[in-house]
Asks: 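Take this structure first; my questions come after.
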Amino acid sequence: MQRTLIQDLAQNVTQTVRIAGWAHNIRQLSKVNFLLLRDASGVAQVVVDDKAAMQMLAKLHLESVLQVTGKVVAQKNAPGGLEIHSPEITVLSEVKEVVPFPINKGELNVAIDTFLDNAAYGLRHPDRRAIFKLSAAIMRGFRTHLDSRGFTEVATPKVVASATESGANVFALNYFDRKAYLAQSPQFYKQMMVSVFERVYEVAPVFRAEPHATSRHLNEYVSLDVEFGFIQDHTTVMALLSSLIRAVLQHLKDSTPTELEVLKVNMPLAPETFPAVSFKEAQAIIKDRYKEDCSHEPDLSPQHERWIGEWAREVHQSDYIFVTGYPMSKRPFYTHPDPNDRAYANGFDLLFRGMELVTGGQRLHLYDDYVTALTERGLPLEPFQGYLDAFRFGMPPHGGFAIGLERFVTQLLGLQNIREATLFPRDINRLTP
RNA sequence: GGGGACGUAGUUCAGUUGGUUAGAACGCUGCCCUGUCACGGCAGAGGCCGCGGGUUCGAGUCCCGUCGUCCCCGCCA
């Protein structure tokens, strides 16, 4: 007999079906037991009133994997109105010890460190699983929208020869007795691919060797990267990003309504055009409204970003806000300056509910500009030659951005810690599981 | 790298100005209960109070060190 998923039981009322999954809970009354069986699609109640079967259940540990063949019955006092009667139960995988913490009590109540130590078990909790269903839907929505706009998905190397664009620390590794590094971003490669495909994107991990210890940083995270050619300036990139975010949110509503409900997600305010303020305007708002003068600082602090996020929600009814025109001194060498004021960048950050979600902008596209930019920063040309060749042989005006997937999920769900949006997070002191 | 907080049962946490035998809930074990749905009831097991040192008649509680964890800043997505 073929296996039926628990979510499909409603279409099989009065039929005999076979379901299989994990012993989520067993409620034992004297003459009847209720076995709650969980599979990836849901939880079903199995009514056990056979004496031998109840004795077998009494000895069973939770999370044992069972196969149950029985009749689907519509019963108004059953959870969900359905249950399985006259079950024949087979143990497929017996658990021989007590589970580390309960996952069958609704809300999960466990410290994040304990949870992550037992991730392979804890992630089975339906709420935790729902987080990663949403994460998958974000990646799917990202791909679907960009595919429809003529983008090509690429896979660029994660093992690279030279340390990279910005100051971020990289992980060094031994590559056949040569030094290599884990890529801190696909930046160079996606730019090179603009000269091949014009429009590209990538969904892949990036690696940062920064010893940060915060609730919003990971040393390995998934970067949703986009790069495309023949743009006017950074505003072309911002327009594409806005429509992409809106398309992803719509995709979530269409494809994961159950998960959005289970996790009680407040869908973001995302107006047709995301509001934008310049870096200097942002500083003025902070001074005006929050009475802190940061006008001599070259960047916004996390608190400043939270304030701007709050301001955008109140004044523009938007959970997303662009901050444009950061000082060039804080941006990497490939950044295109504002032609009207070369001290500032044709770039942007996108804040989502007060946290940096995206960085992007227009890039330099002329070979000579790269030579100048590298020279001004005291960097040698030689290690960048493979990259620079793309510009020597013709590169259109282009730009792009990178979205932090786990940050998207964290902010969407209002999670306390980005590790909750990561299956197996890598941070400064966690390398396993 | 700088700063702050916290380490007590398998888990999440209480634990008074230092005072005798360290508690609760969930989980676990046994018994009872035909309809539970966070099932309920009764009974029970389970603790080097992170580790080391100190102060004190006496330390889970105060001090120092150490290890671990969480958070903030820096850096970034």
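Numbers restart at 1 for each chain; the letters A, B, ... are given by sequence-line order, proteins then strands.
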Asks: Answer yes if the side chains of A:E83 and A:H85 hold a donor-acceptor pair under 3.5 Å, and no otherwise.
Replies: yes
Asks: Quickly work out the A:N109 CG to B:U12 P distance and round it to whole Å.
Replies: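 Those two atoms, CG and P, are 8 Å apart.
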Asks: For nucleotides B:U12 and B:G27, find the distance between their P atoms and express it as a whole number of Å.
Replies: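 Per the computed distance, 15 Å lies between those P atoms.
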Asks: In terms of side-chain heavy atoms, does A:H398 have a donor or acceptor partner in A:Q191 at a distance below 3.5 Å?
Replies: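 The answer is yes; a qualifying pair exists.
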Asks: Compare the aromatic ring of A:F101 with the six-membered base ring of B:G27 and state whether they stack according to the 5.5 Å and 30° rule.
Replies: no
Asks: Taking the side chain of A:P211 as heavy atoms from C-beta outward, which of B:G1, B:G35, B:C76 is closest to it?
Replies: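 When the side chain of A:P211 is considered, B:G1 is the closest of B:G1, B:G35, B:C76.
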Asks: Heavy atoms only, 4.0 Å cut-off, all strands: where does A:S301 land among base, sugar-phosphate and nothing?
Replies: sugar-phosphate
Asks: Are OP1 or OP2 of B:C73 and a side-chain N or O of A:R306 less than 4.0 angstrom apart?
Replies: yes
Asks: So, is A:T359 near the phosphate of B:A77, with a side-chain N or O under 4.0 Å from OP1 or OP2?
Replies: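 Checking B:A77 against A:T359, a side-chain N or O does come within under 4.0 Å of OP1 or OP2.
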Asks: Hunt down the Watson-Crick or G-U wobble partner of B:C6, both distances under 3.5 Å, from any strand shown, or write none.
Replies: B:G68
Asks: On a plain distance test, is the side chain of A:R216 in donor-acceptor contact with the base of B:C72 below 3.5 Å?
Replies: no
Asks: Which base, if any, makes a Watson-Crick or G-U wobble pair with B:G40, both distances under 3.5 Å?
Replies: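 Result: B:C32.
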Asks: So, under a plain 3.5 Å distance rule, would you say the side chain of A:E210 forms a donor-acceptor pair with the base of B:G1?
Replies: no
Asks: At 4.0 Å (heavy atoms only), tell me whether A:P79 reaches a base, stays on the sugar-phosphate, or touches nothing.
Replies: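 Base: the residue A:P79, judged by heavy atoms under 4.0 Å, touches a nucleobase.
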Asks: Are the side chains of A:Y201 and A:D147 in contact, using a 4.5 Å heavy-atom criterion?
Replies: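 Yes, their side chains come closer than 4.5 Å.
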Asks: Atom OH of A:Y326 and atom P of B:A77: how far apart are they, to the nearest Å?
Replies: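 Taking OH of A:Y326 and P of B:A77, I get 10 Å after rounding.
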Asks: Counting any heavy atom closer than 4.0 Å, what does A:D113 reach on the DNA or RNA strands: base, sugar-phosphate only, or nothing?
Replies: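 The answer is sugar-phosphate, as A:D113 gets under 4.0 Å only of primed atoms, P, OP1 or OP2.
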Asks: I need the CG-P distance between A:L116 and B:U11, as an integer number of Å.
Replies: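 Checked: the CG to P distance equals 15 Å.
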Asks: Nearest to the side chain of A:L62, which nucleotide is it out of B:U34, B:C76, B:C28?
Replies: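 For the A:L62 side chain, the nearest candidate turns out to be B:C28.
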Asks: Distance check, P atoms only: B:C71 and B:G10, in whole angstrom units.
Replies: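 Straight-line distance between the two P atoms is 24 Å.
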Asks: Do the non-hydrogen side-chain atoms of A:L37 and A:V43 ever get within less than 4.5 Å of each other?
Replies: no
Asks: Does any nucleotide pair with B:U16 by Watson-Crick or G-U wobble geometry, both distances under 3.5 Å, and what is it?
Replies: none
Asks: Looking at A:F171 versus A:F207, is the centre-to-centre ring distance below 6.0 Å?
Replies: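 For A:F171 and A:F207, the ring centres are not under 6.0 Å apart.
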Asks: Taking the side chain of A:I112 as heavy atoms from C-beta outward, which of B:U34, B:C73, B:C70 is closest to it?
Replies: B:C70
Asks: Rounding to an integer number of angstrom, what distance separates B:G50 and B:G15 when you compare their P atoms?
Replies: 15 Å
Asks: Could you check whether the side chain of A:H212 and the base of B:C75 have a donor-acceptor pair of N or O atoms closer than 3.5 Å, going by distance alone?
Replies: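 By the distance-only test, yes, there is a pair.
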Asks: OP1 or OP2 of B:C75 sitting under 4.0 Å from any side-chain N/O of A:K330?
Replies: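 Answer is yes, contact under 4.0 Å.
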Asks: Could you measure between the two C1' atoms, the one in B:A77 and the one in B:U29, and give it in whole Å?
Replies: 50 Å
Asks: Taking for each residue the nucleotide of RNA chain B with the nearest heavy atom, is it A:E83 or A:Q416 whose nucleotide lies nearer the 5' end?
Replies: A:E83
Asks: Pick base, sugar-phosphate or nothing for A:R331, based on heavy-atom distances below 4.0 Å to the nucleic acid.
Replies: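 It contacts nothing in the nucleic acid.
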Asks: Please tell me which of the listed nucleotides, B:C76, B:U11, B:C71, lies nearest to the side chain of A:S215?
Replies: B:C71
Asks: Both A:G106 and A:Q303 contact RNA chain B. Taking the nearest nucleotide for each, which residue is further toward the 5' end?
Replies: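 First, find each residue's nearest nucleotide; the 5'-ward one identifies A:G106.
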Asks: In whole angstrom, give the distance that lies between atom CD1 of A:I103 and atom C1' of B:U12.
Replies: 16 Å
Asks: Whether A:R430 contacts B:C70 is assessed here as follows: a side-chain N or O lying under 4.0 Å from the phosphate OP1 or OP2. Is that the case?
Replies: no
Asks: What nucleic acid atoms does A:E107 come within less than 4.0 Å of, heavy atoms only: base, sugar-phosphate, or nothing?
Replies: nothing
Asks: Taking the C1' atom of each, how far is B:U55 from B:C62, in whole Å?
Replies: 8 Å
Asks: Just how far, in rounded Å, is P of B:G35 from CD of A:Q28?
Replies: 14 Å
Asks: Answer yes or no: does a side-chain N or O of A:K31 lie under 4.0 Å from OP1 or OP2 of B:C33?
Replies: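 For A:K31, the contact criterion (side-chain N or O under 4.0 Å from OP1 or OP2 of B:C33) is not met.
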Asks: Given B:U12, is OP1 or OP2 found less than 4.0 Å from the side-chain N or O atoms of A:T114?
Replies: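 Affirmative; the distance criterion is met.
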Asks: Taking the P atom in each of B:G58 and B:G1, what is the distance between them to the nearest angstrom?
Replies: 40 Å
Asks: Does the side chain of A:H145 come within less than 4.5 Å of A:H251's, by heavy atoms?
Replies: no
Asks: From B:U29, B:U34, B:A77, pick the nucleotide closest to the side chain of A:H61?
Replies: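 For A:H61, the side-chain atoms sit closest to B:U29.
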Asks: Can you confirm whether the side chains of A:Q75 and A:N77 place a donor and an acceptor under 3.5 Å from each other?
Replies: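 There is such a pair between these side chains.
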Asks: Counting heavy atoms from C-beta on, name the nucleotide in B:C76, B:U34, B:U12 closest to the side chain of A:A111.
Replies: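 Ranking B:C76, B:U34, B:U12 by closest atom to the A:A111 side chain puts B:U12 first.
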Asks: Check every strand shown and say whether A:N25 touches a base, only sugar-phosphate, or nothing at a heavy-atom separation below 4.0 Å.
Replies: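 Sugar-phosphate contact only - A:N25 comes under 4.0 Å of backbone atoms but never of a base.
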Asks: Closest to the A:N429 side chain: B:C70, B:C33, B:C26?
Replies: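 Closest nucleotide among those given: B:C70.
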Asks: A:L29 near the nucleic acid: base, sugar-phosphate alone, or nothing, with a heavy-atom cut-off under 4.0 Å?
Replies: base
Asks: Pairing donors with acceptors under 3.5 angstrom, does anything connect the side chains of A:T156 and A:E202?
Replies: yes
Asks: Could you give the CG-to-P distance, from A:L82 to B:U36, as a whole number of Å?
Replies: 18 Å
Asks: Between C1' on B:A77 and CZ on A:R426, what's the gap in Å once rounded to a whole number?
Replies: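 In whole Å, B:A77 C1' lies 19 Å from A:R426 CZ.
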Asks: Looking just at side-chain N and O atoms, do A:R363 and A:T335 make a donor-acceptor pair shorter than 3.5 Å?
Replies: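 No, no side-chain donor-acceptor pair sits under 3.5 Å.
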Asks: For A:D299 and B:G74, give me the distance from atom CG to atom P, rounded to whole Å.
Replies: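 A:D299 atom CG is separated from B:G74 atom P by 9 Å.
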Asks: Tell me which nucleotide among B:G35, B:C33, B:C75 gets nearest to the side chain of A:A78.
Replies: B:G35
Asks: Can you name the closest pair of heavy atoms from A:A345 and A:R331 and give their distance?
Replies: CB-CG, 3.9 Å
Asks: Considering every strand and a 4.0 Å limit on heavy-atom distances, what is the contact class for A:V358: base, sugar-phosphate, or nothing?
Replies: sugar-phosphate
Asks: Of all the choices, B:A77, B:U69, B:C28, which nucleotide is nearest to the side chain of A:V98 once you look at every atom?
Replies: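 Nearest nucleotide to the side chain: B:C28.
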Asks: Across the strands shown, which category fits A:Q45 at heavy-atom distances under 4.0 angstrom: base, sugar-phosphate, nothing?
Replies: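 Base, at least one base atom sits under 4.0 Å.
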Asks: Provide the distance between the two C1' atoms, one in B:A59 and one in B:G53, to the nearest whole Å.
Replies: 13 Å
Asks: In Watson-Crick or G-U wobble terms, both distances under 3.5 Å, what is the partner of B:A25?
Replies: B:U11
Asks: What distance, rounded to whole Å, do you find between the two P atoms, one in B:U61 and one in B:U16?
Replies: 11 Å
